Each structure stands twice: as structure tokens, then as C-alpha cells.
Amino acid sequence: MTDQRTAKPVIAATGLFTPPQSISNDELVASYNLYAERWNARHADAISDGSIDAKTSSSTEFIEKASGIKARHVMDKASILDPEIMEPRLPERSDDEPSMMAEIGVKAANMALERAGRDPADVDAVLCACSNMQRPYPAMAVEIQDALGCGEGFGFDMNVACSSATFGIQTAADFIRAGHARSVLVVSPEITSGHLNWRDRDSHFIFGDVATAVLVESSDIAPADHWEILGTRLKTSFSNNIRNNFGFLNRAHPETRDDDDKLFVQEGRKVFKEVVPMVSAMIADHMEKLDIAGTQLRRLWLHQANANMNRLIAHKVLGHEASDDESPTVLDEYANTSSAGSIIAFHKHSADLVKDDIGLICSFGAGYSAGTVFIRKAA
Ligand SMILES: CC(C)(COP(=O)(O)OP(=O)(O)OC[C@H]1O[C@@H](n2cnc3c(N)ncnc32)[C@H](O)[C@@H]1OP(=O)(O)O)[C@@H](O)C(=O)NCCC(=O)NCCS
């Protein structure tokens, strides 16, 4: 059994599932513009008498300049791009089949387990930590626990929007410190295409689908090649600037059940202006507490929502303009994948770091919510 005096939570391994289908900005914009053209033709009279505004076209140049996004992976490309549908079509599965979230979560989790050399039977807890749950219960985490063949432990779902994975890492680390578990999987299946309004020019380019997994373990059982968790910190501060009003009470007000606010909506400019200083201050404060200087940070794996936000935050943290090597970007290929973004960045851009290198995994998003996880390569 774990010796509570010496066991420390570490990141043992990560896993990633990337859906094979991808949509480029050009494909996305062509589909949106065809939709807008047809919509304008259908509403020509109302547009010409001034009672409604015509839809204006989207542009690849705007998307790349404003966000840094060039493409996104999705679970169902054809229906999203069909201007008469513009939603993913993911047929409902029977209760005897794996749910889609569990299916992709298991793929990412299996990669993390294989990389750590961990037998699933020795995993004590599974957290399904992500922005959107496809059903309230049974928890996807319990389904994933069962599908992986994890032993006698427990699992539960947790949603802290874009910060779900970092909140999950701290929760897992606390379980280990308290002696409740020695091996905890934090799984983030993000099928964001289901809550994105592909008919909204302001936001249709933002999200992509993916699944990630982080295996958090007690240092006494983790593989030697792990990452020590030096410190974690979580923060929330209420804001309406990123919101999704979808929920079980929607059926109680059928007159507004299909309104656009039942999908993702945001005041992007306000989010940008408010979150950059909030997160920069949070990181600085946490660094001071841990006695880590900007010059000691080898790499930042920041939340992947906007390349310009990350540039500003990284500059504040490091004290100079960050190179791609210091603050890698994955949102050009993946777009915003909510809680999974900083974990994808870590998964894809951490193998080259060496013993004692220090880095930061950082998330921020709806709530507002933010999480910081400072880590050091152990071997
Ligand atoms: C969403 C975001 C990329 C938008 O960029 P922005 O520079 O703030 O853009 P704005 O919404 O202010 O729009 C600027 C102009 O571009 C236009 N525009 C918006 N969408 C467009 C599109 N798809 N194509 C072309 N032009 C577009 C707007 O109409 C506006 O035009 P105007 O100046 O004539 O009024 C950016 O605000 C952002 O990423 N914010 C942070 C969001 C975030 O982190 N969210 C967390 C989500 S989990």
C-alpha cells in the first residue's frame, strides 16, 4: 500500500485520439457562404424591406488572423459541410453499444495505459472531465471504467468547461495525496461539433473534436519516465461571456427550446480582454508561490483557443516573445478542443524535454475557469 509520507502525484503518461476526418478553413467557409447565399435568397423580400439583415460571408483570412485556426478534426465531416444540414449526424446507439464519448475516450485512455505499461485492472479511478456530456447517467466515466476493465474502483463525470482536464488533474492528484487512489485516469472526450452553431458566422470556425487522457499516479508505482506535479491551482470567476443554455429543463419551455443560445455562444472580444490578464496574473502568482522564475520554464502548454491570446500570456509569463518551441500551438490543426487543448499540446510536444525541465499546463475558458499545473521531468 502507498506510504502517504513519500507518495507524490505525478503524470505517468498521456493518450490522444484524433478523429480521421478534418475540415479546412476553405471548406468550412465555402459551406457557410453557400448556406448564407441560399438563406438570403429565401429571405429576399424581408431583407429588401429592411425587416431583417442579410447574412454576410465568412472568410478564411479573418479566421486565421483572428484566431490562428486553420483546420479542425470532426466526427462527421459530410453533414457539417452540407449547407442544408450543418450539424454532425451521429446516429443514436442502443444502450447495449458503447456510447460515442466512451468509445473515443477509451481509445485515448488505452494509449495512456500502454505508454505507462499500466494494467487497466490496476487503475483505481476514472474521471470523465469535459465540456459536454451526452447523457446525465450512467456516467460516461463509469462506462469507460467498465470498457477498460478497471478493477474495483470508482468513476464520475465532471464538467468545468475548457478547464475540465486541469481540474481533473488536481482532483486526481488530491485523491493520490489522500490515499484514496494510486492510479487515476482523467479522460476528456470532447465532441464539440455537437454544440457548435455551424450556421453562426461569428463562431462557426472555433471548435473541433478529439479525446485525450492523462494518467495521474502515485510516484511509487509510476514508470520512471514520469512528470512530477510541482503544484496545481484552480480558479473560477462567474461570467456570462461564454455560455451554453442546453439542459434538461429546456423541455419545460418548449417555445425557446431550439433557440441559438442552446448551443455555444460567446462574446469573444470580451473573453479575450478579460481572460488574458486574469490568467497571466494567476500564473505569475502561482510561480511566485512555487518559487519558479520565467527563465526556468522550458515550455508552456497553454489552452488552445486563440493564438493571439497565447502569445500575450506567454510573453507575460516568460518575459519575452515566446518561440513555437517554448509555447507550441496545436489549434492550427485541431482548432479549440475545449478541455483537451492544453493536453494535446503536452502530448505532442513533450517527448524532447529532459530530466529537470519544468513546464506549465494551463487551461482557461467558460465559467470563467482556469487551471495551472506545473510539472518537472523526472528522468
Ligand atoms: C472569437 C474571436 C476569434 C473573434 O475575433 P475578434 O477579433 O474578437 O472578432 P470580432 O468578433 O470582434 O469581429 C471583428 C470583425 O470581424 C467580423 N467577423 C466575425 N466573424 C467573421 C467571419 N467568420 N468572417 C469574416 N469576418 C468575421 C465581425 O463582423 C467584425 O466586423 P466589424 O468590425 O465590421 O463589426 C476572438 O474574439 C477570440 O478568440 N476570443 C477569445 C475566445 C475564447 O477564448 N473563448 C473561449 C472559448 S472556450
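Just the heavy atoms: all of them, side chains too, but no hydrogens, waters or symmetry mates, feed the values below. What you see is a predicted model; the values in this text were computed from it and never measured. Counting starts at 1 for both ligands and their atoms, in listed order.
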Is the backbone N or O of [Y] less than 3.5 Å from a side-chain atom of [X], with the two atoms forming a donor-acceptor pair by type?
X	Y	answer
Q296	I358	no
E326	S323	yes
N241	Q266	no

Tell me, which protein residue and heavy-atom name are nearest atom 19 (C) of ligand 1, and how many Å apart are they?
D202 OD1, 3.4 Å
Suppose we measure from atom 28 (C) of ligand 1 to each protein heavy atom; which comes out shortest, and what is that distance?
R201 NH1, 4.1 Å
List every atom of ligand 1 that sits less than 4.0 Å from any heavy atom of [X], numbering the atoms from 1 in the order shown and giving each element.
X	value
G268	37 (O), 40 (N), 41 (C)
N336	47 (C), 48 (S)
Q266	1 (C), 42 (C), 43 (C), 45 (N), 46 (C), 47 (C)
C162	48 (S)
S59	24 (N), 25 (C)
S58	22 (C), 23 (N), 24 (N)
V271	42 (C), 43 (C), 44 (O), 45 (N)
N306	3 (C), 36 (C), 38 (C), 39 (O)

Over all heavy atoms of both residues, which pair between S193 and W198 is shortest? Give the atoms and the distance, please.
O-NE1, 3.0 Å
For ligand 1 and R269, I'd like to know whether there is a polar contact (N/O to N/O, distance under 3.5 Å).
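Indeed, backbone or side chain, R269 has an N or O that close.
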Geometric N/O contact S67 with ligand 1, under 3.5 angstrom:
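In this structure, S67 places no N or O atom under 3.5 Å from an N or O of ligand 1.
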In this structure, does ligand 1 have an atom that sits under 4.0 Å from one of the heavy atoms of E61?
no
Side chain or backbone of T56 under 4.0 Å from ligand 1, or both, or neither, by non-hydrogen atoms?
neither
Answer side chain, backbone, both or neither: which part of A66 comes under 4.0 Å from ligand 1, heavy atoms only.
both
Taking the six-membered ring for Trp, is the centroid-to-centroid distance between F346 and W227 below 6.0 Å?
yes
Ion pair K377/D225, N-O distance below 4.0 Å:
yes
Run down the list F62, F364, F205 and name the one with the heavy atom closest to atom 18 (N) of ligand 1.
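Shortest heavy-atom distance from atom 18 (N) of ligand 1: F62.
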Go through it in stages, so that I can follow the logic: the residues are D49 and S51, the test is side chain to side chain donor-acceptor pair (under 3.5 Å), and I'd like the CA-CA distance, side-chain angles, deciding distance and then a yes or no.
CA-CA 6 Å; D49 74 19; S51 50; 2.7 Å; yes
Are [X] and [Y] side-chain neighbours, meaning at least one heavy-atom pair lies under 4.5 Å?
X	Y	value
T166	T232	no
T337	H73	no
E143	R135	yes

For [atom], is some protein heavy-atom partner under 4.0 Å away?
atom	answer
atom 39 (O) of ligand 1	yes
atom 30 (C) of ligand 1	no
atom 9 (O) of ligand 1	yes
atom 33 (O) of ligand 1	no

Any side-chain donor-acceptor pair under 3.5 Å between D259 and T256?
no
Just verifying a value: how many Å separate L360 CG and I375 CD1, rounded to the nearest 0.5 Å?
8.5 Å
